[in-house]
Amino acid sequence: MPTRRRTRLALDAERINREQLARLGSDVRAARLRRRLTQSQLGARVGLAQTTVSALERGHGGGLSLDAWQRVGLALGMPLRPAFQRDPREEPVDAGHLLLQELVIRLGRAAGFGAQLELPTRPHEPWRSIDVTLADDVRRRLIVVECWNTIGDVGAAARGSARKAAEAKDIATGRWGDVPHGVGLVWVVRATARNRALIARYPGVFAARFPGSSAGWVLSLTSGRPPPAEPGLVWASVDGTRIWPWRRR
């Protein structure tokens with residue numbers, strides 16, 4: 001009877017298991033020697049024969065249960081922590097924020113802006129960067145776009161955005177010499193239930209922070225029209241495909 005051909009999955013699993021068992025066995029041997037234990041002494045502590053300890057140190061511990069491996073690890077002060085590698089299909093933690101940045105870059109380029117991601121306004125503090133900067137070299141316009149997946153401390157976030165806009169003006173001045181229209185600032189906020197509820201709860205606060213026409217900002221981001229002179233706020237869909245004006249109460 002012909003032997004059944006092994007699948008690629010089975011061959012890959014066997015190869016990876018050999019590598020992992022060899023590494024685990026080597027770790028056990030090194031830890032045992034550092035503690036000046038014999039294989040028999042370690043085996044007595046964990047309830048395994050000396051020959052079994054010898055086999056696992058040589059990379060042949062595949063027949064041991066997970067419980068036995070854990071006893072070996074605990075006896076050496078090194079608890080075993082089995083774990084799968086990260087799922088390549090799992091969304092990154094900042095997926096919502098990335099969606100907004102992707103949306104702003106796509107809209108900005110379609111409207112004729114040059115887009116730059118994570119522009120550091122303070123090179124010695126790279127974490128203080130602008131989410132997306134949109135630049136129009138012909139009209140000498142610069143727009144600071146802050147993308148918000150989740151709004152936390154509103155006051156601190158608004159002050160941080162205002163500081164970035166002021167620092168971006170220095171960058172624009174160095175780039176063009178004169179910035180007749182100043183630097184624009186707009187928040188693009190993901191329209192989640194939480195963000196909607198927050199802005200609805202404090203409409204006066206947000207209106208004072210963002211007095212610029214939201215409809216005007218949408219037009220600027222989507223068609224390249226001159227942006228409003230004052231900071232603004234626009235909504236972005238949860239799936240990161242479109243923006244629309246924030247309607248004040």
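For reference, positions follow the sequence shown, starting with 1. Keep in mind that this is a model prediction, so the values were computed, not measured.
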Worksheet item: In chain order, what residues pass the ring pair (Phe, Tyr, Trp, His ring centres under 6.0 Å) check against Trp148, with sequence neighbours excluded?
Response: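 Expected list: Trp187.
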Worksheet entry | Ionic contact status for Glu14 with Arg18, cut-off 4.0 Å |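 A salt bridge is present here (some side-chain N lies under 4.0 Å from a carboxylate O).
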Practice prompt. Output yes when Arg106 and Glu102 qualify as a salt bridge under the 4.0 Å nitrogen-oxygen rule, no when they do not.
Written response: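 No.
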Worksheet item: Hey, are the side chains of Val188 and Asp131 touching, using non-hydrogen atoms and a 4.5 Å cut-off?
Response: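 Val188 does not reach Asp131 side chain to side chain.
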Worksheet item: Got Leu80 and Leu66 here, is their nearest side-chain heavy-atom distance under 4.5 Å?
Response: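 When only atoms from C-beta onward are counted, Leu66 and Leu80 do touch, with a gap below 4.5 Å.
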Discussion item. According to a hydrophobic-cluster definition based on side-chain heavy atoms being under 4.5 Å apart (Ile, Leu, Val, Met, Phe, Trp, Tyr only), do Ile151 and Phe210 belong together?
Written reply: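 Linked, Ile151 and Phe210 end up in one cluster.
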Okay, side chain of [X], backbone of [Y]: is any donor-acceptor separation there less than 3.5 Å?
X	Y	result
Arg141	Pro226	no
Arg45	Gln41	no
Ser237	Arg242	yes

Item to complete: Please name the pair of heavy atoms, one in Asn195 and one in Thr150, separated by the smallest distance, quoted to 0.1 Å.
Response: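 Between these two residues, the closest heavy atoms are OD1-CA, 3.9 Å.
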Fill in: Pairs where residues 57-68 contributes a residue and the test side-chain hydrogen bond (donor to acceptor under 3.5 Å, both in side chains) is met, not counting sequence neighbours
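Checked against side-chain hydrogen bond (donor to acceptor under 3.5 Å, both in side chains) - neighbours excluded - the pairs reaching residues 57-68 are Arg32-Glu57, Gln39-Glu57, Ser54-Arg58, Asp67-Arg71.
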Discussion item. Rounded to the nearest 0.5 Å, what separates atom CG in Leu100 from atom CD1 in Ile105?
Written reply: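 Between atom CG of Leu100 and atom CD1 of Ile105 there are 11.0 Å.
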Practice prompt. Identify the residue among Arg190, His97, Gln101 that makes a side-chain hydrogen bond (donor to acceptor under 3.5 Å, both in side chains) with Asn149.
Written response: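 Only match with Asn149 under side-chain hydrogen bond (donor to acceptor under 3.5 Å, both in side chains): Arg190.
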Discussion item. Take a 6.0 Å sphere around CZ of Arg15 and say whether it holds more than 12 heavy atoms from other residues, nucleotides or ligands.
Written reply: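 Atom CZ in Arg15 is crowded, with more than 12 foreign heavy atoms closer than 6.0 Å.
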